[in-house]
Each structure stands twice: as C-alpha cells, then as structure tokens.
Amino acid sequence: MDRTLSILKPDAVKLDLTGRINTYIENSGLKIIAQKMLSLTEKQAASFYHIHQERPFFIELVKFMTSGPVIVQVLFGKDAVSKYRAIMGDTDPKQAAKGTIRGDLASDISENRVHGSDSIDNANKEIAFFFAEYQLL
Ligand code: UDP
Ligand code: MG
C-alpha cells in the first residue's frame, strides 16, 4: 500500500467537477484519506512545480494554479502512485484514453483538471509539502 498526492486544479473546482473526479478515484479502489481546499500562493505554486521552471509553459502554469482554490488530497491504496496516474490519463487530454479523468473531463493540456505524483519519492515529498501536520501519523 502506498500514498500519492492529488490536486483537483482550479479549473476542476471552478467547473464543479470535483464530485465527478472523486467518483473516478473511489471507483478505482483508492481511498481519499485526507483532503483540504486552499489557494496556492505564487511562491507555493512555483515551488511545487520547480522542476518545470525552465519550460516555456511555466509562467502560465503558475498563473493558472493560482487562479482559484484547489483541493489537495492524499490517496491511499495498492500501487496508489501508478494507479492514480492511470486513471488520470495522459497529460494532454487529447491523447488521454476515454474512461480516464482527463480523457473524459478535460480538453486542454494547460487546464487538465488534476495533478498526481509521478513517483513514490515525489509523492512523499508532495504530501509533506501540503500535509506536514499529518507526518506525525
Ligand atoms: N503543462 C502545460 N503544457 C505542457 C505541458 C504541461 O501547460 O506542454 C502543464 C499541465 O498543467 C501539466 C503540468 O504542466 O499537468 C505539469 O506537467 P507534467 O509534464 O508534469 O504533467 P503531469 O505530471 O501533470 O501529467
Ligand atoms: Mg508531473
């Protein structure tokens, strides 16, 4: 069993897609074991996505991630990191399979509704970033 960090991005919250996204998560067998709504500061968004800081889309990405509240979640279950990546679908919704969150609920690569950690190591770092208070558990 492992844990992964999920973010329902500002577009998902704005468009009232959070309930539908949670249904994909719950149907996959993953458990939402923590979640909270918050607004990222520019500093937090830039720090969270620092690996992309040299990419051409970085400024737009930070602007988008700070454009409204997000819901950050910790998901728990068997192979949580790879399972969530699979149900999210490809980064580009146009490439994402039907039946995935991005394939069904998104159309634009820059507003693709969800974030999911890409490795167990990054999941642990990202969970600590948002849920430092839970590290004592
Ligand atoms: N992104 C973008 N344009 C691109 C590639 C990525 O706007 O050409 C954004 C998109 O929101 C993506 C995020 O940057 O989800 C992080 O990119 P990454 O390659 O890590 O994709 P992910 O892990 O989210 O699938
Ligand atoms: Mg990524």
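Note that ligands are numbered from 1 as they come in the structure, with each ligand's atoms numbered from 1 the same way. Index from 1, following the sequence.
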Would you say CD1 of Ile59 has more than 12 non-hydrogen atoms from neighbouring residues, nucleotides or ligands within 6.0 angstrom? no

Hey, would you say the Tyr49 and Phe58 ring centroids sit under 6.0 Å apart? no

Will you find, in the side chains of Ser119 and Asp121, an N or O donor that is under 3.5 Å from an N or O acceptor? no

Under 6.0 Å from the six-membered ring centre of Phe131 and within 45° of its axis: does the NZ or CZ of Lys36 meet both? yes

Quick one: list whatever passes side-chain hydrogen bond (donor to acceptor under 3.5 Å, both in side chains) with Asp90, sequence neighbours left out. none

If you measure only the distance, is there a donor-acceptor pair under 3.5 Å linking the side chains of Glu42 and Thr66? no

With a 4.0 Å heavy-atom cut-off, what residues sit around ligand 1? Lys9, Tyr49, His52, Phe57, Leu61, Arg85, Thr91, Arg102, Ile109, Ser110, Asn112

